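As a basis for the values below, the full set of heavy atoms in this structure was taken, side chains included, without hydrogen atoms, waters or symmetry mates. Note that the structure is predicted; figures quoted are calculated from it, not measured. Sequence lines set the chain letters: A, B, ... in the order given, protein chains first and strands last, and positions in each chain run from 1.
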Number of protein chains: 2
Amino acid sequence: MDIHIEDVARSTGVSTATVSRALRNLPGVGEETKKRVLDTAQALGYNPSPTASSLASGRTHSIGLVQPDMSRWFFGKILESSERTLREAGYDALVYSLPDYLGPVRQRFDPTVLKGKVDGIIVLSLFFDPEEERQLRSLGVPVVFVSVQQPGFDFVGIDDEETAARACRHLITMGHKHIGHLSGQTNDKCPVAPTQRRRVGWLNTLRRFRLESAPELDEAVTIMTASNGYLATQRLLARRPDITAILSSSDEMAMGAMQAIHEMGLTVGRDISIIGIDGHDLSPAFGLTTMAQPVSQEGICAAKLVLNHIEHPAQPRTEVYPTTLAEHRSVGPAPRP
Amino acid sequence: MDIHIEDVARSTGVSTATVSRALRNLPGVGEETKKRVLDTAQALGYNPSPTASSLASGRTHSIGLVQPDMSRWFFGKILESSERTLREAGYDALVYSLPDYLGPVRQRFDPTVLKGKVDGIIVLSLFFDPEEERQLRSLGVPVVFVSVQQPGFDFVGIDDEETAARACRHLITMGHKHIGHLSGQTNDKCPVAPTQRRRVGWLNTLRRFRLESAPELDEAVTIMTASNGYLATQRLLARRPDITAILSSSDEMAMGAMQAIHEMGLTVGRDISIIGIDGHDLSPAFGLTTMAQPVSQEGICAAKLVLNHIEHPAQPRTEVYPTTLAEHRSVGPAPRP
DNA sequence: CTGAAAGCGCTTACAG
DNA sequence: CTGAAAGCGCTTACAG
């Protein structure tokens, strides 16, 4: 009952080779022949079998999207824009979530599960150890890393250190002297996570302005969720009640921090100021001032890079996007002592 | 350089048929033979070509996940739990985002893009018109609908009307008499969206308690985002300043509503109470009281249903999950006039 | 329990 | 510009 390429060939009175070429708009088919093939295919409602054409051509027209957790805003946002870009180009998006991606020990990822299934890969916020990297390369398809830079591969992201530094300067400009920091932890596989670079940006800025930069001003969580930010803020403020401003390495953590501050009977933006990083869609509703990154653009860029490398192999490229201060009510002037 | 089934067969001294059977643990292979095949395959590092096996078997071991927008919390959460369930069962997740999924006219979706690519489909929050449904059925694979029920198909979701009714009763219990509603619009393809059922639950409850239920207490938005909730709330409260409580058809809208209330100089939970529906991960941080649905469980259930139908075709099933009131600070007693 | 062989439905040198 | 035919790498009746 299904229409196959042979049916189209017979109906048109040509060979399957010609049908195949005409349908894919390859050169070497007469204009008139091509038109007849297209019309017949249309009339019969012919859809080429994707598996058959993959097996024969060696191309799957799928891109693998490897990431930690789709339910987190940042990943969902990137996936969304990447997927649309891929689809417009005729590619499918195969998503893979990694288990236990954070914490001190991350589970090993075996890229072999992608073998033969994708023509390219986009990896979000993950750093691969040498063994994983070896297996990844053995797949023989282009790979683009987003957020976390893997040496020797394409990268799309922001300047984490500079972004955190600007966030910190904003707090300093508002008169704050005791500025805490909420950071994430690294794990065995990822020694240079964005959260560490952001921490450096915060620390260096404090030093440059000759403000206190004691380790106890920094509080690290495992996964940068709102609830972990909430708990971390309680610990931080219990330890250092003199803190008047907090720089959070992520917006979601910052949102949890705002809750903690509120529950302490303090007012965010008056008693304690807080600034996040990411530009979460809900930050305006939260009133959270943040350093926004152009997340959708990064997702589109990653998709374009990987597609481009499929057609034209090239040297790894690095695309760094600018971040912008999005002011809301969570940052105010430092309170008078 | 790649290892193929023939290499394994030759090395083991058996036929490719035996290798194929042994590797898939099919009956009819001697224990000892099977072990030798497995060892050889392991030693050679053999990975069967997924495209070849798909073409030969007619099974893709992929499930299509069709949804409006991965960057929205609810969809990301469902996708995340579905994907993990599918992967554990050895299936890949192919995601598709629909353009223009809301608003008065939704773009038509042609399920044919999934033809030959998936063994089953999960559809989130979408209702298909007769033509789309026809094309969907012609794919010949099981389909599970989540959130929006499509007659004749599997369904996983909640009792929207009852959930909204309980949310409304909670407000009434707190003494509120003038209760507004934030709802979403339907479109040409979806006459019975959850948002409409929730609206009915709100309306019927008001009537049952003989409270005012004028149309002007309801404000509808196109897409139920925080920013639309923000604007809708401004309109609603400008029109009816006597409202003391709002039931929002989604948490994200409710978050925007809280921002609007705050900016009017009012305090959420004191001057105006608000309750949402969904159980958004950020609702505790927001202090938003909500009727929580077990989103991850729903995603897991959808995956299990579709996998089950692949093996055992069966009558459509309907799985309705309970919702629970999650109290935070956005709902308080009605203020004395 | 095992194997030879056809077949899944395309694509792609190769020849003309 | 077009076609005959091999080939992509598996799976699956069928026969023994």
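Applying the side chain to side chain donor-acceptor pair (under 3.5 Å) criterion to Glu80(B), with sequence neighbours excluded, gives Ser97(A), Arg84(B). The side chain to side chain donor-acceptor pair (under 3.5 Å) check on Asp7(A) picks up nothing, with sequence neighbours excluded. With sequence neighbours left out, Asp154(B) forms a salt bridge (charged side-chain N to carboxylate O under 4.0 Å, His left out) with no residue at all. Listed by chain and residue number, Phe145(A) satisfy the ring pair (Phe, Tyr, Trp, His ring centres under 6.0 Å) test with Phe153(A) (two or more places apart in sequence, or in another chain). For Tyr91(A), the ring pair (Phe, Tyr, Trp, His ring centres under 6.0 Å) criterion is met by His61(A), not counting sequence neighbours. For Glu131(A), the salt bridge (charged side-chain N to carboxylate O under 4.0 Å, His left out) partners are Arg134(A), not counting sequence neighbours. Residues forming a side chain to side chain donor-acceptor pair (under 3.5 Å) with Thr33(A) (at least two apart in sequence, or on another chain): none.
Between the side chains of Thr40(B) and Arg36(B), not a single donor N or O lies within less than 3.5 Å of an accepting N or O.
Of the residues in residues 45-53 of chain A, not one places a heavy atom less than 4.0 Å from an atom of DNA chain D. Residues from residues 31-44 of chain B with heavy atoms under 4.0 angstrom of DNA chain C, sorted by number: Thr33(B).
Put simply, the side chain of Ser82(A) never gets that close to the backbone of Leu79(A): no donor and acceptor are under 3.5 Å apart. Looking only at distances, a side-chain donor or acceptor of Ser15(B) sits under 3.5 Å from a matching main-chain atom of Thr18(B). Of the possible polar contacts, one joining the Ser81(A) side chain to the Ile78(A) backbone as a donor-acceptor pair under 3.5 Å is found.
Between Arg24(B) and Leu55(B), the one whose closest nucleotide on DNA chain D sits nearer the 5' end is Leu55(B). Mapped onto DNA chain C by nearest heavy atom, Thr16(B) and His4(A) fall at different nucleotides, with Thr16(B) at the one closer to the 5' end. Positionally, the nearest nucleotide of DNA chain C for Ser57(B) lies more toward the 5' end than for the other of Thr18(A) and Ser57(B).
Residues in residues 49-61 of chain B take part in these salt bridge (charged side-chain N to carboxylate O under 4.0 Å, His left out) pairs, two or more places apart or across chains: Arg59(B)-Asp119(B), Arg59(B)-Glu311(B).
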Dot-bracket assigned to DNA chain D with the 3.5 Å Watson-Crick/G-U criterion, [ ] for crossing and | for other-strand pairs, is |||.||||||||.|||
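Across all strands, Gly28(A) comes closer than 4.0 Å to base atoms (heavy-atom distances).
Contacts between chain A and DNA chain D, taken as any atom within less than 4.0 angstrom of a protein heavy atom, begin and end at dC1(D) to dG9(D).
At least one test fails for Arg317(A) against the ring of Phe155(A): distance under 6.0 Å to the centre or angle within 45° of the axis.
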